[in-house]
J.: 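Below: one structure in structure tokens.
Values below: all heavy atoms of this structure, side chains included; hydrogens, waters and symmetry mates excluded.
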Amino acid sequence: MNDLGSTGGTTRRLGPDADGLAEAAGLLRAGRLVAFPTETVYGLGADATDPAAVAALYAAKARPRFNPLIAHLPDLDAARREGAFDAEALRLAEAFWPGPLTLVVPCAAGGRVTDLARAGLPSVALRVPAAPLARDLLMRVGRPVAAPSANRSGRVSPTAAAHVLGDLDGRIAAVLDGGTCPVGVESTIVACLDGAPRLLRPGGVPREAIEALLGRALLALPGGGPAPLSPGLLASHYAPRAGVRLDAGEIRPGEAALLFGPVAPPGLARARAQLNLSPAGDLAEAAANLFAHLRRLDASGAATIAVAPIPRSGLGEAIADRLQRAAAPR
């Protein structure tokens, strides 16, 4: 790692106070890498207008260069300087920002997000996060900040500063410690490009809420093409080191068990480790616990994590998407 990313030693852990914010903003403006919390997961921040900083971010994550990044802004006015919003994109932004929604829109004339962060695409992915600490930081930086999840590419996303340090200590300059992320899964991504809005990735804003606002169904993800149109579309993503077995009706000997709801599946006594996303069957609680539970079960040393069936309505669609990617061949 060059001096654009880490300090060459231990990554600094900054407090969520004025001093920590000032230092984090100064590091980002200087082209360094700083992880910070949003309401979804911790993002690994880099100045999205600086190609060298973005290149350092890709290197820290070991991320494929063709996978574009989300640029984070403090408010809608700042986002509209980077992207061209049609009427429906504007309706979505006004309804769900600040919040866990990313909009992919055409680049605005004079937009500053570098083509490296956009993976060479004529569109740009934009988000205004809801977390006050994140928006305060973005306001202080005064530039778009690219911020994919603060983990090695393909690994489980971080929802606490300790998760960030587990993956990236010594590879980035600092992490701004704002506690645990309350949503726990990444943002929903909707493309507003040449026609009706299209769902690219389910996430923290349920599909049903977006469709209710628009008054029609979102189009499906387009097929074909080797390069993703937005972040988070690689087939194998969010992956623990252990294999992942979905919709497990029983637990096999030695597996780690990821449960949901009050019913214990057969064979649970044979599990190497077990955690329940939500004993009460609450999908919001399950989403908030998903990545942290995957990390803890992965640390048990089990070769396979068996995942109990989870409803696919509301936030369950986002949970199922992340689990399917975690289970994909790699």
J.: Considering only Ile, Leu, Val, Met, Phe, Trp and Tyr, and joining two whenever side-chain heavy atoms are under 4.5 Å apart, list the other residues clustered with Met139.
T.: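 Besides Met139, the hydrophobic cluster comprises nothing; the residue is isolated.
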J.: Just how far is it from atom CG of Asp50 to atom CG of Leu116, taken to the nearest 0.5 Å?
T.: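 Here the interatomic distance stands at 10.0 Å.
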J.: Taking only residues at least two apart or on different chains, which pairs with a member in residues 127-149 satisfy salt bridge (Lys or Arg N to Asp or Glu O under 4.0 Å)?
T.: Glu39-Arg127, Asp47-Arg143, Asp136-Arg140
J.: Taking atom types as modelled, find out whether Glu186 and Ser149 have a side-chain donor-acceptor pair closer than 3.5 angstrom.
T.: no
J.: Which residues satisfy the salt bridge (charged side-chain N to carboxylate O under 4.0 Å, His left out) test with Glu211, sequence neighbours excluded?
T.: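 Only Arg207 meet the salt bridge (charged side-chain N to carboxylate O under 4.0 Å, His left out) criterion with Glu211.
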J.: What is the minimum heavy-atom distance between Ala174 and Leu27, and which atoms define it?
T.: CB-CD1, 3.9 Å
J.: Just grab all the salt bridge (Lys or Arg N to Asp or Glu O under 4.0 Å) pairs involving residues 243-260, residues at least two apart or on different chains.
T.: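 Qualifying pairs, neighbours excluded: Arg245-Glu255, Asp247-Arg312.
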J.: Going by salt bridge (Lys or Arg N to Asp or Glu O under 4.0 Å), name the pairs with one or both residues in residues 94-113, residues two or more places apart or in two chains.
T.: Glu82-Arg112
J.: Enter the distance from Asp167:CG to His163:NE2 here, rounded to the nearest 0.5 Å.
T.: 10.0 Å
J.: For Arg201 and Ser187, does a side-chain donor sit closer than 3.5 Å to a side-chain acceptor?
T.: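 Distance-only check passes for Arg201 and Ser187.
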J.: Who clusters with Leu259? Use side-chain heavy atoms, under 4.5 angstrom, across I, L, V, M, F, W and Y, and order the result by chain and number.
T.: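 Members alongside Leu259: Ile251, Leu268.
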J.: Tell me whether Leu73 is reachable from Val190 by hopping between hydrophobic residues (I, L, V, M, F, W, Y) whose side-chain heavy atoms are closer than 4.5 Å.
T.: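 Val190 and Leu73: one cluster.
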J.: Can you name the closest pair of heavy atoms from Leu133 and Pro37 and give their distance?
T.: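 Looking at all heavy atoms of both residues, the closest pair is CD2-CG, 3.7 Å.
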J.: Once you round to the nearest 0.5 Å, how far does CG of Leu103 lie from CD1 of Ile70?
T.: 10.0 Å
J.: Between Val34 and Val54, is there a shared hydrophobic cluster once you connect ILVMFWY residues whose side-chain heavy atoms come closer than 4.5 Å?
T.: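 Not linked; separate clusters.
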J.: More than 12 non-hydrogen atoms from neighbouring residues, nucleotides or ligands closer than 6.0 Å to CG on Asp17, yes or no?
T.: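 Atom CG in Asp17 is crowded, with more than 12 foreign heavy atoms closer than 6.0 Å.
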